[in-house]
Each structure stands twice: as structure tokens, then as C-alpha cells.
Protein chains: 2
Amino acid sequence: MRLVVATCSVDYAGRLSAHLPLAPRVLMLKADGSILVHSDGGSYKPLNWMSPPATFEASEPDEEQRSVGVTEVWTVKHKKTGDSLIVSVHEVHADSSHELGVDPGLVKDGVEAHLQVLLAEQIERLGDGYELWRREYMTAIGPVDILARDAGGATVAVEIKRRGEIDGVEQLTRYLELLNRDPRIAPVTGVFAAQEIKPQARTLAEDRGIRCVVLDYDEMRGIDSGHARLF
Amino acid sequence: MRLVVATCSVDYAGRLSAHLPLAPRVLMLKADGSILVHSDGGSYKPLNWMSPPATFEASEPDEEQRSVGVTEVWTVKHKKTGDSLIVSVHEVHADSSHELGVDPGLVKDGVEAHLQVLLAEQIERLGDGYELWRREYMTAIGPVDILARDAGGATVAVEIKRRGEIDGVEQLTRYLELLNRDPRIAPVTGVFAAQEIKPQARTLAEDRGIRCVVLDYDEMRGIDSGHARLF
DNA sequence: TGTTGGATGTCGTGA
DNA sequence: TCACGACGTCCAACA
């Protein structure tokens, strides 16, 4: 990994053509030949980049380039698509290399999956007399997180999200439409359960007769791990 | 912009929970409080990150953290969603700050748009007797790049891409279906024009009776700019 | 190896 | 500010 802070301009040609005017930027050169061009702002997406596998080549500027202040030209080419990124380096402010080794990689904890397990165990949180019927009930358009029966024996479809937003309501709505076409389980009502439900999502859900339930993750975990103290 | 190379572990809690085990990594701290955690590989997406606007706070480790080798704890919190990223810094290998200023930003050249202008000017590239009828012809599902008339006066819908892939053929197919329902312009045939057409896209297009035309961008530009020499 | 659907998507644009 | 669609989407599971 090489980190360079330099005043440079950048040109990319691939799926589209793009140009970055002369300015100071951070250039991250990775071991696989890839390069990222970052400014001091924006999100994690670089201003411009070349993804691996790529070849990196540094060369001397020609006369015309040198006359406008270019001291070095970097040509980065994608090995498969041929996309090219050309960095015209003017002034280098810092340049360092570091040995990082192979990263052990990200571990995703899957809170949504955990919430589903917990709610399946604590289905009474939806109301007295509720009973778990199915988890991950498969339909033609995907699995319904939980199917339950309410105190009266009616079917309830539950969609679980960490953060309840509008697309989650849409998803549940699609499931409800489908499930209600199946005479074996219709009529089905919906419950939208999440740690946090956005006002827009709540409005949409309630407008469609879907009940919203806010789940307290820490409390549910507490009851789960400290199961003994209930007795 | 602060660049730190450090051996660290990282924990994120937001839409999901994620953990990065202890390893050497590059940490990019931006002026807006955002942070990127990069390894020496992968694409432009960091292993973990916090997007702006965010607050950054460095603090001393507690006894337990210190006992496992943590020398500093960074807490990065998203100002709106409350998502948090915690970096447990063990050993710092490099640490530097740089003043970059505001970046002038990316200029996209829009080769596809230019190709469309050029093809509109040089519509005879599709065949003798072709005449331009409309550009960016608006439909309910989006604008058709070019509508032309062939030598026999029949309508031709043209979809232009820099790289012709399968989704471009699908797009043109949708336009053709729609246009052919309009008795004022039906029947409409399709032309898929691109600098480069992938074999799969060509197969699909031809199977649907769509003609494929490969455009030579440099040649079209040459004819355009050197218009005078034709006379 | 191609295909498909999700993403801590991100990013623009128009209402 | 917010919903919608495109993206140099990227990415991983799956056929």
C-alpha cells in the first residue's frame, strides 16, 4: 500500500470518460494495481478510481506535459476491460509505503437475523395469545420472515427490519397480496416490526392496515440470555 | 485530511453490526468527520466506514481495553442516524495530516451523449436513405435516443450505448413494444448502436430482430470536426 | 462461469 | 427535503 498526497489531474476512459482538474488529492495505490483518488470530503466513494486487477506504470512526461508542470505520469489500466486511468502528477506533497498483509476481513453480525430469532421466541410481544406458526415461510416472491396465529387463530405475516423504512412496508404488502390469494391461509393481516420505524413508513403501513411494532433489541436479548430469572 | 496507518480493530453498529479483527490498516479521516478503513486490496469500497456528517472523538482506553493492548479509542458517530463506528487503535505505524482544500470535482464527458449527437448528424451510417426524425423522443417509460425513417419511410428506434450489453437490448425492446402499440408510428424496427457490442447482447438483439451497429467514435468525431474536407 | 438480487449501497434529479 | 432511478454500480450466493 502506497499513500501519495499530490497535486494532480486525472483522466478516466472506460464505461464513461471523466476528468478531474488540477488539485491536491490523496492517491491510494494498492498491491493489486488498483488506485483510489480521494478528496477531503464526500463519502467512501473516491472521486475516481481503477478497480483490480490492474497494471500500474509510472513514466516521464513528454515535452508538452512538462511545459504545463507535469512531473510524472501514471498510467493505470484494467487488465480485462482495458479501462484506463491517467494521473498527471504535478507536485508531490507526501509519499509513503506500508506493508499491511492480507486483511482477516469483515464479520457481519446480522442483527436482523437475530431479531427474527428473538421475535420467534418471544412472539407474544405481538399480543396475548399469539403463536408462532412458521419462520422464513417461502413464497414465489421470497421468504416471509414470520407467520403467526393471533388469539383468534387468524394468520399474521410479520416483516422484520432493523430500521423500518418504506421499502420494508412495500415488501410486506407484496407478501400480503400473495398470501391473501391462498385460500388455505387467507385472510392474512400484517405486522411491520423494527427497532425503529420511520414516520413515513409508519404512515404508509397504517394506511394499508399494517400494524407497526417497535422492538427493543437490548430488552429482547436480555430476556433471551437471562431466561432463568423468569422462573 | 488525516492519514493513519495503524494496527486496529473496528466495530460498526448501524443498519447492521460488523466487526473487523485486529490487523494493520489504513485509516482515512476526512474534514467532515467521516472515516474510511482500508486494507491493501479489494475495490474502492472500504472494509468499513462512516459517512458524513459525523463527529469524531478520540479517548483513552479503559483498563480492560488497555490490558489487551489498546492505546487509543476513536468513536465516530453519524450526526443524523446515530450509527457508530469504534476504532480500537493498538499500534500506530504512521500518522500525517494534509491540507487539501475543496476539490473542484469530477467532470463527466458523457461519451454516450456525444455519440448520440454524432449519430444524429450522421444518421446515414445506419443505411442509405435514412433520415433523422426525432432525438430523445419521450415515451411513458423514458426517452428513445433516436427515431429515424429508413429509405422506405418506416420508423426505426435507435438505442445508443458506449458498451452494448444485455440490459441495453432489454431497454430497446421495451421501447419497441411500447412504440409498436402506437398506430401513428407502428411498425417500428430497432437498431442497437454502440462502440462495442458484447456477444450475448448481439445474440439477444438479433434473436429479437434488432439490428446491431458498431459505431467508430474516433472516425465519427473525425468526420464531424473535419467536416470541411468533404467538399 | 454467467446470472440474479441485495446493499451500511452512493449519487443525481425533479417534485 | 424526499422519493425515484441510474450507476464505471459492487458483491456474493447460486445455478
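Quick note on labels: first sequence line is chain A, next is B, and so on, each numbered from 1.
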From [atom1] of [X] over to [atom2] of [N], roughly how many Å is that when rounded to an integer?
X      : N      : atom1 : atom2 : result
B:I166 : D:dT9  : CD1   : P     : 15 Å
B:L204 : C:dG2  : CG    : P     : 16 Å
A:K108 : D:dC11 : NZ    : P     : 10 Å
B:E165 : C:dT4  : CD    : P     : 14 Å
B:N48  : C:dA7  : CG    : P     : 16 Å
B:L47  : C:dG9  : CG    : P     : 18 Å
B:D167 : D:dC10 : CG    : C1'   : 15 Å
B:I86  : C:dT8  : CD1   : P     : 19 Å

Sub-4.0 Å heavy-atom contacts from residues 26-44 of chain A onto DNA chain C, ordered by number: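 Of all residues in residues 26-44 of chain A, the ones placing a heavy atom under 4.0 Å from DNA chain C are A:S43, A:Y44.
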Residues within residues 191-199 of chain B bordering DNA chain C, heavy-atom distance below 4.0 Å: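 Residues of residues 191-199 of chain B that come under 4.0 Å of DNA chain C do not exist, since none gets that close.
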Smallest separation among heavy atoms of A:P52 and B:S43, with atom names: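 A:P52 and B:S43 have their closest heavy atoms at CD-CA, 4.3 Å.
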So [Y] and [X], do their side chains get closer than 4.5 Å, heavy atoms only?
X      : Y      : value
A:L147 : A:L179 : yes
A:H90  : A:V70  : yes
B:D103 : A:L20  : yes

Worked verdict on B:L204 versus B:F192 for side-chain contact (heavy atoms from CB on, under 4.5 Å): CA-CA 11 Å; B:L204 180 65; B:F192 190 53; over 6 Å; no
Between [X] and [N], does any side-chain N or O lie under 4.0 Å from OP1 or OP2?
X      : N      : answer
B:W49  : C:dT10 : yes
A:R163 : C:dT8  : no
B:Q200 : C:dT3  : yes
A:R162 : C:dT8  : no

Between A:S17 and B:R162, a side-chain donor and acceptor under 3.5 Å: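 Looking only at side-chain atoms, B:R162 and A:S17 do form a donor-acceptor pair, the distance falling under 3.5 Å.
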Pairwise 5' ranking along DNA chain D for B:K80 and B:K45, keeping only the more 5' one: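 In this pair, the answer is B:K80.
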Sugar-phosphate, base or nothing in reach of A:M50, heavy atoms under 4.0 Å: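 A:M50: base contact, heavy atoms under 4.0 Å.
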Residues B:T203, B:Q200; criterion side-chain contact (heavy atoms from CB on, under 4.5 Å); working and verdict: CA-CA 5 Å; B:T203 303; B:Q200 281 195 338; 5.7 Å; no
Residues B:H93, B:T7; criterion side-chain hydrogen bond (donor to acceptor under 3.5 Å, both in side chains); working and verdict: CA-CA 8 Å; B:H93 310 293; B:T7 300; 2.7 Å; yes
Check: B:K30 side chain, A:Y44 main-chain N or O, donor-acceptor pair, under 3.5 Å: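 Not at all, since once roles are kept as given, no pair shorter than 3.5 Å links the two residues.
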